[in-house]
A.B. asks: 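The structure's right below; bear with me while I get my questions together.
From a predicted model like this one, the values you see are computed outputs, not experimental measurements. Every chain is numbered from 1 and lettered A, B, ... according to where its sequence line falls, protein lines coming before strand lines.
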2 protein chains.
Amino acid sequence: MDRGETIAGIYGELTRFTRRVRARGGAWHPDLSLVAYTLLAHIDGAGRVRAADLAAHYALDKSTVSRQVADLRERGLVTPVPDERDARAHVLTITPEGRRRLDEANASLRDRLEDRLSSWPEEDLATFAALLARFNADMS
Amino acid sequence: MDRGETIAGIYGELTRFTRRVRARGGAWHPDLSLVAYTLLAHIDGAGRVRAADLAAHYALDKSTVSRQVADLRERGLVTPVPDERDARAHVLTITPEGRRRLDEANASLRDRLEDRLSSWPEEDLATFAALLARFNADMS
DNA sequence: CCCAGTTGGTTGGAATATACAACTTTCCAC
DNA sequence: GTGGAAAGTTGTATATTCCAACCAACTGGG
């Protein structure tokens, strides 16, 4: 198999993967959309996130982010802390409840993953993890 | 690194990947939404697809599929052929124009992929392709 | 210091996508 | 045949998004 075919194969597998994610859609966590979940995870993972950062990172309109964040705020999953360097902005922080919900969703997904990968030998897992990481780094 | 950590790493990379796909959103092919593109690709790839099959496969409501297919039909990208075994149904087939559009989109994505992976040695590419394929098989 | 332009964020309005429900036509099992 | 299930279409409601207009606050050049 030449290089072009191999890349075509990778392309095919990636589209298959994204389609499956698409097919499962919002069935991940009840009552929390994929976008809301993604934003919450980002707020949890990164330090000093403002709404504008989220908009830039996910190529969403700032009004969209504003409403999504408002929703997360109303549900008590994030709290906006006034940014001491810029009175216009707020730094978004996750609440304990938000963290709990996020951990819950993550755990359920990881469990499913672990279950499906139970037949993989340790070595293949490590290789796959490393290649995936390199792939993401090269693509971003 | 133990098995749990490795799997957590894979999980993290996969979410990073899906988020990037999400972020790029519909910017893939002008004038063709991600859903429309996905359905078109499915119609092209599988034999004897009916609207109900698409709905079942992607967990979409049949009304949603009906409208999406109507749109693809209006654009001349698919043609519904009456199903000779069932007068209620139509078998969806891709048109030459639909194929052309699909090939165009695929080629542009594959080019981008090839460009980003240009630094990878042949062997790593092959390993990655094989592991991805196995992963998809195990997850589906 | 002040003013022009920029940036963070909110809100109103319109477009779009989707799910749910009701309906028609056809199929199938009895 | 008849009753129930299935394929698809269409009406309606809701959710998500973008665009535009807006306000408040920041920034840099005079």
A.B. asks: Under 4.0 Å from any atom of DNA chain C, heavy atoms only: list the residues of residues 83-92 of chain A that qualify, in numerical order.
C.D. replies: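 Only A:R88, A:A89, A:H90 qualify.
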A.B. asks: Could you check whether any side-chain heavy atom of A:V49 comes within less than 4.5 Å of a side-chain heavy atom of A:L54, counting everything from C-beta outward?
C.D. replies: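 They are in side-chain contact.
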A.B. asks: Is there a side-chain contact between B:T6 and A:E122 (heavy atoms, below 4.5 Å)?
C.D. replies: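 Sidechains of A:E122 and B:T6: in contact.
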A.B. asks: Using whole Å, report how far NZ of A:K62 lies from P of C:dT6.
C.D. replies: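 Taking NZ of A:K62 and P of C:dT6, I get 13 Å after rounding.
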A.B. asks: Any residue in residues 42-55 of chain A with a heavy atom nearer than 4.0 angstrom to DNA chain C? Just list them by number, or reply none.
C.D. replies: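 Within this stretch, A:R50, A:A51, A:A52 sit under 4.0 Å of the strand.
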A.B. asks: Would you say A:S66 places a side-chain N or O within less than 4.0 Å of OP1 or OP2 belonging to C:dG9?
C.D. replies: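 So the side chain of A:S66 is outside the cut-off, no N or O lying under 4.0 Å from OP1 or OP2 of C:dG9.
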A.B. asks: Going through the distances and angles, do A:L125 and B:I10 end up as a side-chain contact (heavy atoms from CB on, under 4.5 Å)?
C.D. replies: CA-CA 8 Å; A:L125 275 183; B:I10 290 173; 3.8 Å; yes
A.B. asks: Let me know the distance between CG of A:D61 and C1' of C:dT11, rounded to the nearest Å.
C.D. replies: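 So the CG-C1' distance, A:D61 to C:dT11, works out to 12 Å.
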A.B. asks: Are the charged groups of B:R100 and B:E104 less than 4.0 angstrom apart, N to O?
C.D. replies: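 B:E104 and B:R100: salt-bridged.
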A.B. asks: According to a strict under-4.0 Å criterion, is A:S63 in side-chain N/O contact with OP1 or OP2 of C:dT10?
C.D. replies: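 The answer is no; no side-chain N or O of A:S63 sits under 4.0 Å from OP1 or OP2.
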A.B. asks: When you measure from the side-chain N and O atoms of A:Q68 to the phosphate of D:dT17, is any distance below 4.0 Å, counting only OP1 and OP2?
C.D. replies: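 For A:Q68, the contact criterion (side-chain N or O under 4.0 Å from OP1 or OP2 of D:dT17) is met.
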A.B. asks: Determine, stepwise, if the pair A:D53 / A:R50 fulfils salt bridge (charged side-chain N to carboxylate O under 4.0 Å, His left out).
C.D. replies: CA-CA 5 Å; A:D53 302 328; A:R50 292 165 309 149; 3.2 Å; yes
A.B. asks: Indicate whether OP1 or OP2 belonging to C:dA19 is found under 4.0 Å from a side-chain N or O atom of B:T64.
C.D. replies: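 For C:dA19, OP1 or OP2 has a side-chain N or O of B:T64 closer than 4.0 Å.
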A.B. asks: What residues form a salt bridge (charged side-chain N to carboxylate O under 4.0 Å, His left out) with A:D71, not counting sequence neighbours?
C.D. replies: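 Testing A:D71 for salt bridge (charged side-chain N to carboxylate O under 4.0 Å, His left out), a comparison that skips the adjacent residues, returns A:R75.
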A.B. asks: Could you pull out all residues at least two apart from A:R116 that satisfy salt bridge (charged side-chain N to carboxylate O under 4.0 Å, His left out)?
C.D. replies: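 Here no residue qualifies.
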A.B. asks: Short of 4.0 Å, heavy atom to strand atom, which residues of residues 69-76 of chain B count as contacting DNA chain C?
C.D. replies: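 Going residue by residue through residues 69-76 of chain B, none turns out to have a heavy atom under 4.0 Å of DNA chain C.
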A.B. asks: For the atom pair CG (A:L92) and CZ (A:R73), what is the distance rounded to the nearest 0.5 Å?
C.D. replies: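 With rounding to 0.5 Å, CG (A:L92) is 8.5 Å from CZ (A:R73).
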A.B. asks: The helix from C:dC1-D:dG30 to C:dC30-D:dG1: angle between its terminal axes, five pairs each, to 10°?
C.D. replies: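 Here the helix ends are tilted 30° relative to one another.
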A.B. asks: Please report the interatomic distance CG(B:L14) to CD1(B:I7), rounded to the nearest 0.5 Å.
C.D. replies: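 If I round to the nearest 0.5 Å, the distance is 11.5 Å.
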